[in-house]
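Data first, discussion second: the structure below is written as structure tokens.
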2 protein chains.
Amino acid sequence: MARQRKHNTEEMINMALVAAENLIIGGGLSQLSGRKVSAEIGYSVGSLYTVFENLDDLILQVNGRTLDAMRDAMLSALEGCETPEKCIKAMAYAYVEYACLNNGLWTAVYEHNLPKDTALPGWFAEKVDGMFLLVEMQLSSLQGLSQNKISEVAKTLWCGVHGICVLAATRKYEAANVAHVNPLVDGLITNYMAGIQLEIRGEKV
Amino acid sequence: MARQRKHNTEEMINMALVAAENLIIGGGLSQLSGRKVSAEIGYSVGSLYTVFENLDDLILQVNGRTLDAMRDAMLSALEGCETPEKCIKAMAYAYVEYACLNNGLWTAVYEHNLPKDTALPGWFAEKVDGMFLLVEMQLSSLQGLSQNKISEVAKTLWCGVHGICVLAATRKYEAANVAHVNPLVDGLITNYMAGIQLEIRGEKV
DNA sequence: GAGGTTAATTGAACACCGTTCAATAATCAA
DNA sequence: TTGATTATTGAACGGTGTTCAATTAACCTC
């Protein structure tokens with residue numbers, strides 16, 4: 001029979017992802033390297049390539065976990081919210097808070113781009129879509145919006161929230177904190193949703 | 001006297017930036033390297049470091065030129081527009097068009113992050129701010145908005161537009177084209193501005 | 001226990017990368 | 001022709017992602 005594994009595949013992947021996350025938290029995506037990760041988990045470089053296709057694969061899985069964590073934060077934020085708009089705002093605040101508090105991990109999600117010829121794997125796209133679906137769920141309890149419109153509104157709202165966070169992250173010195181970002185997010189959702197309500201009622205400004 | 005230069009500093013910088021842009025257009029930021037740039041312009045690697053501080057500096061200057069080009073596109077789009085809202089939409093469409101048509105260069109702007117301990121240079125931050133100022137200028141002809149509010153609205157709107165483009169760029173396969181993105185942008189501006197108009201008038205939905 | 005089979009793990013090798021800096025090359029003044 | 005000056009070079013350093021023959025450790029069989 002064959003040599004015994006020090007850890008099974010799942011354990012190894014998990015250890016590697018944790019090590020990678022710590023490197024990213026410590027110094028951003030640029031501080032991540034396969035050799036550092038492998039050294040951290042007590043394996044040689046080559047072993048990394050037995051559980052990951054390549055380093056892009058590893059990063060993608062780190063980012064997948066980050067998206068999961070954000071999703072969890074958003075779901076927790078839903079508890080006790082009253083109206084669709086308030087629920088969406090609660091999720092947006094949770095998103096902002098996560099992005100500000102876990103800046104390294106959050107930045108890695110959108111900083112990492114696959115080579116031009118490589119397609120984004122389906123499971124990753126689904127995680128991104130999942131966040132939009134959370135918003136859509138809230139919108140679906142509003143009367144007068146077609147499914148297409150709901151999908152459009154969710155995309156627009158969430159892209160807006162994300163864009164605001166991106167700007168805040170760029171301007172590290174002055175604006176990457178919840179207190180500064182939340183008012184913008186609040187204004188976006190309040191006013192955009194007001195416009196949508198008018199549209200539903202067929203009124204014009 | 002001293003040895004004669006093959007090109008003066010300005011020429012060298014320009015040649016290097018053009019070469020770098022072509023590399024980014026061809027295969028994204030990951031395909032850029034100092035050695036490739038220097039080979040392309042007929043210099044050795046070392047010479048690059050006589051006109052750029054390091055590779056981050058070079059990339060930052062490429063991104064600066066991209067921001068300039070986007071600004072130019074936005075200014076051109078302003079010709080003939082009638083109302084503030086229409087003018088903002090015209091600029092947004094120009095932004096979307098540039099991002100879709102010059103995806104490599106546009107992606108490089110937000111994909112590139114300086115190391116954690118390095119501050120974004122002032123001249124770069126100013127170029128970013130300049131785009132927000134273009135939006136603010138349009139808003140300033142609206143009655144009833146304080147300067148603070150104008151600044152907030154401009155940030156929110158433009159972050160929203162940017163966020164929508166980011167999502168489109170992520171989903172390369174289905175959505176990175178003007179026809180798909182413009183309706184979202186249009187809806188964002190229309191509805192958010194409707195909400196702002198209501199706020200000005202002190203009405204509620 | 002010895003030998004064989006199997007598969008996990010290694011680490012050296014390859015071709016690249018950013019960055020530095022002593023050495024070289026090219027120019028003009030004396 | 002020599003010296004001074006400065007633009008330019010390219011080898012060197014320590015890092016990177018990735019591959020893969022060689023090694024190692026486990027078990028089964030004899």
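Hydrogens, waters and symmetry mates play no part in the numbers below; they use all other heavy atoms, side chains included. We name chains A, B, ... by the order of the sequence lines, and we start the count at 1 in each one.
- Atom CD1 of I59(B) is separated from atom P of dC17(C) by 13 Å (rounded to the nearest Å).
- A sub-4.0 Å separation between OP1 or OP2 of dT9(D) and a side-chain N or O of S47(B) is present.
- The nearest whole Å value for the distance from the CZ atom in R5(A) to the C1' atom in dA26(D) is 14 Å.
- Counting to the nearest Å, the C1' atom of dC17(C) and the CG atom of L32(A) are 16 Å from each other.
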Next item on the list: Take N191(B) and T156(A) through the side chain to side chain contact (heavy atoms under 4.5 Å, CB included) test and state the conclusion after the steps.
Entry: CA-CA 11 Å; N191(B) 289 304; T156(A) 304; over 6 Å; no
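- Using a 4.0 Å heavy-atom distance criterion, G46(B) is classed as a base contact.
- Distance OH (Y43(B)) to P (dA25(C)): 17 Å, rounded to an integer number of Å.
- Using a 4.0 Å heavy-atom distance criterion, S33(A) is classed as a sugar-phosphate-only contact.
- Spacing between atom CG of D57(A) and atom P of dT18(D) amounts to 10 Å, rounded to whole angstrom units.
- In this structure, the CD1 atom of I41(A) is 14 Å from the C1' atom of dA8(C), given to the nearest Å.
- Phosphate contact (OP1/OP2 of dT27(C), side-chain N/O of K6(B), threshold under 4.0 Å): absent.
- Classification of the Y95(B)-W158(B) ring pair by plane angle, with boundaries at 30° and 60°, yields perpendicular.
- Set against dT8(D), dT16(D), dA8(C), the side chain of R3(A) has dA8(C) as its closest nucleotide.
- A donor-acceptor distance shorter than 3.5 angstrom exists from the side chain of T66(A) to the backbone of V62(A), with no hydrogens or angles considered.
- Of the candidates dT9(C), dT8(D), dT19(C), the closest approach to any side-chain atom of M12(B) belongs to dT8(D).
- Position along DNA chain C of the nearest nucleotide to Q4(B) versus D56(B) favours D56(B) as the more 5'-ward residue.
- If you check dT27(C), dA12(D), dT23(D) against the side chain of R35(B), the one that comes closest is dA12(D).
- E40(B) has no carboxylate O lying under 4.0 Å from a charged side-chain N of K36(B), or vice versa, which leaves the two without a salt bridge.
- Distance L29(A) CG to dG17(D) C1': 14 Å, rounded to the nearest Å.
- Distance, L55(B) CG to dT19(C) C1': 10 Å, rounded to whole Å.
- When the side-chain nitrogen and oxygen atoms of S44(B) are compared with OP1 and OP2 of dG10(D), none of them lie within a distance under 4.0 Å.
- Residue A94(A) comes nearest to A73(A) through the heavy atom pair CB-O, 3.7 Å, listed as atom of the first residue, atom of the second, then distance.
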